[in-house]
Amino acid sequence: MKTTIKEAKNYLNQEVTIGGWLHNKRSSGKIAFLQLRDGTGFMQGVVVKAEVSEDTFQLAKNITQESSLFVTGEITEDTRSDLGYEMQVKSIEVIDEAHDYPITPKNHGTEFLMDHRHLWLRSKKQHAVMKIRNEIIRATYEFFNDNGFTKIDPPILTASAPEGTSELFHTKYFDEDAFLSQSGQLYMEAAAMAHGKVFSFGPTFRAEKSKTRRHLIEFWMIEPEMAFYNHADSLEVQEQYVTHLVQSVLKNCKIELKTLERDTEKLAKVATPFPRITYDDAVTFLKEEGFDDIEWGEDFGAPHETAIANHYDLPVFITDYPTKIKPFYMQPNPDNEDTVLCADLIAPEGYGEIIGGSERINDLALMEQRINEHELDAESYSYYLDLRKYGSVPHSGFGLGLERAVAWISGVEHVRETSPFPRLLNRLYP
Ligand code: 4AD
Ligand code: MG
């Protein structure tokens with residue numbers, strides 16, 4: 001019977017064949033322990049000299065790292081491993097022998113590993129991170145489908161810039177200028193006027209010259225947009241969504257979280273409602289904490305966000321930022337025209353902002369004024385203004401950065417390990 005490492009649990013005390021690769025091995029004169037991987041998981045294969053042919057035992061001892069093989073043997077219980085079972089190998093068929101695999105069990109530097117990202121993906125920790133990323137994607141579709149959202153795909157090649165013009169990738173669109181999308185939001189607003197509650201999930205691009213543990217040049221964003229939702233309604237969706245992501249990973253990625261040595265007690269605390277602090281109170285708090293450098297009206301940097309996050313066990317919403325440091329489309333706060341109805345969701349443990357969201361301006365005249373103030377090309381926003389001309393309604397939305405969410409939930413330090421092939425400031429290869 002041909003099966004996989006993951007499915008082998010259904011074949012206890014039966015003989016099966018699994019196609020995989022040799023991840024690692026240990027052997028003595030009488031026994032060889034093969035660490036096998038097949039994409040679905042990692043499993044130990046035990047080869048006992050007395051129980052196999054001499055050829056098979058010699059093969060087991062000499063087989064090289066990352067050679068591909070079919071192994072056949074009985075699946076037996078093994079309570080010491082995370083998996084819970086192993087294979088008593090009877091025979092081995094080598095498919096392709098690998099020589100001098102570059103990533104050996106010794107320690108390698110990050111640049112070397114990033115140069116070999118196409119192979120590094122095979123390692124146990126990287127495999128675990130991608131499985132968690134996949135679970136977060138699965139749980140995202142589940143959450144929005146179960147809550148009445150329709151998935152709509154905004155374009156990647158665009159003529160307008162939602163988040164400011166300084167970080168755009170330019171390209172030619174035949175004779176016209178075009179940009180790679182930095183956010184699908186403006187199109188999602190149009191979609192919300194057609195479908196009510198919508199979400200997108202796609203690649204976004206920022207030509208940001210940032211070289212931090214939180215910045216990628218290309219990242220994937222989930223952008224829900226909801227007609228008739230005010231800012232407070234949107235915050236509730238955000239905290240429910242993020243809680244669903246964390247609970248799904250805790251439930252469905254136990255082995256991966258263990259592989260990554262993630263402190264799951266911290267994740268288990270995540271539950272609604274999340275704490276909220278206004279920008280004003282955050283500035284006061286930071287000054288009390290000894291941050292003399294922060295003045296009202298300035299954006300927070302990573303150390304500020306981390307200081308605020310460390311004050312809570314849960315992700316925290318920082319709300320009502322000053323108008324002048326936020327994009328043009330945000331609805332003014334009715335109590336204070338200098339601030340807008342927005343929030344950034346800051347993850348615990350120093351992972352920074354994972355969500356940016358706001359209520360959108362729905363008044364045509366105010367939107368026109370903002371487009372002028374921000375010196376945006378009114379013509380390319382004409383479709384966006386139409387949304388305020390024909391049955392404008394209050395609406396809100398947000399964007400969650402997938403890689404930052406994966407970094408936080410997996411507990412990996414740097415977002416570069418949460419993208420299969422990260423695009424970084426100095427990296428377009430592999
Ligand atoms: O805060 P941002 O810029 O918000 C928007 O783009 C809105 N248009 C979203 C919306 O309301 N529909 O980006 C949203 C999120 C951030 O909170 C962060 O998680 C992630 O996208 N993000 C990045 N992730 C990795 N690398 C970067 N350079 C990122 N820039 C933003
Ligand atoms: Mg933001």
Taking only Lys NZ, Arg NE, NH1 and NH2, and the carboxylate oxygens of Asp or Glu, determine whether [X] and [Y] approach each other closer than 4.0 Å.
| X | Y | value |
| --- | --- | --- |
| Lys269 | Glu265 | no |
| Glu256 | Lys131 | no |
| Asp177 | Lys172 | yes |
| Arg427 | Glu111 | yes |
| Arg276 | Glu239 | yes |

Using a distance-only test with no angle check, is there a side-chain donor-acceptor pair under 3.5 angstrom linking [X] and [Y]?
| X | Y | result |
| --- | --- | --- |
| Tyr329 | Gln185 | yes |
| Glu167 | Gln182 | no |
| Asn372 | Gln369 | no |
| Asp280 | Trp296 | yes |
| Arg360 | Ser358 | yes |
| Asp299 | His304 | no |
| Glu359 | Ser234 | no |

Take Arg214 and Glu208 through the salt bridge (Lys or Arg N to Asp or Glu O under 4.0 Å) test and state the conclusion after the steps.
CA-CA 12 Å; Arg214 299 166 177 187; Glu208 258 175 288; over 6 Å; no

Does Phe328 form a ring-ring contact (aromatic ring centres under 6.0 Å, His included) with Tyr381? I'd like the steps, not just the answer.
CA-CA 12 Å; Phe328 72 96; Tyr381 292 86; 5.6 Å; yes

Is the closest side-chain heavy-atom distance between Val249 and Leu245 below 4.5 Å?
no

May I ask you to establish whether Arg388 and Tyr384 are in a cation-pi arrangement, using a distance under 6.0 Å from NZ or CZ to the six-membered ring centre and at most 45° from the ring axis?
yes

Does Arg26 make a cation-pi contact with Phe33, if we ask for NZ or CZ under 6.0 Å from the ring centre and within 45° of the axis?
yes

Using the side chain to side chain donor-acceptor pair (under 3.5 Å) definition, which of the options Thr278, Asp320, Asp338 pairs with Asn333?
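Among the candidates, only Asp320 passes.
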
I'd like a table of donor-acceptor pairs (distance under 3.5 Å, sequence neighbours excluded) in which one partner is a side-chain atom from residues 192-203, with atom names and distances.
from   : atom 1 : to     : atom 2 : distance (Å)
Lys197 : NZ     : Asn147 : O      : 2.8
Lys197 : NZ     : Tyr229 : OH     : 3.4

Sequence neighbours excluded, which residues qualify as salt bridge (Lys or Arg N to Asp or Glu O under 4.0 Å) partners of Arg404?
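Salt bridge (Lys or Arg N to Asp or Glu O under 4.0 Å) check on Arg404 returns nothing, list empty.
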
Going through the checks in order, is the side chain to side chain contact (heavy atoms under 4.5 Å, CB included) test met by Ile354 and Asp344?
CA-CA 8 Å; Ile354 53 170; Asp344 285 356; over 6 Å; no

Dump the intermediate steps for ring-ring contact (aromatic ring centres under 6.0 Å, His included) on His395 and Phe228, then the final yes or no.
CA-CA 5 Å; His395 62 287; Phe228 308 106; 9.3 Å; no

Neighbour count >12 (heavy atoms, 6.0 Å) for atom NZ, Lys6:
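Result for NZ/Lys6: open.
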
Do you know which two heavy atoms are closest between Leu121 and Pro420, and how far apart they sit?
CD2-O, 3.9 Å

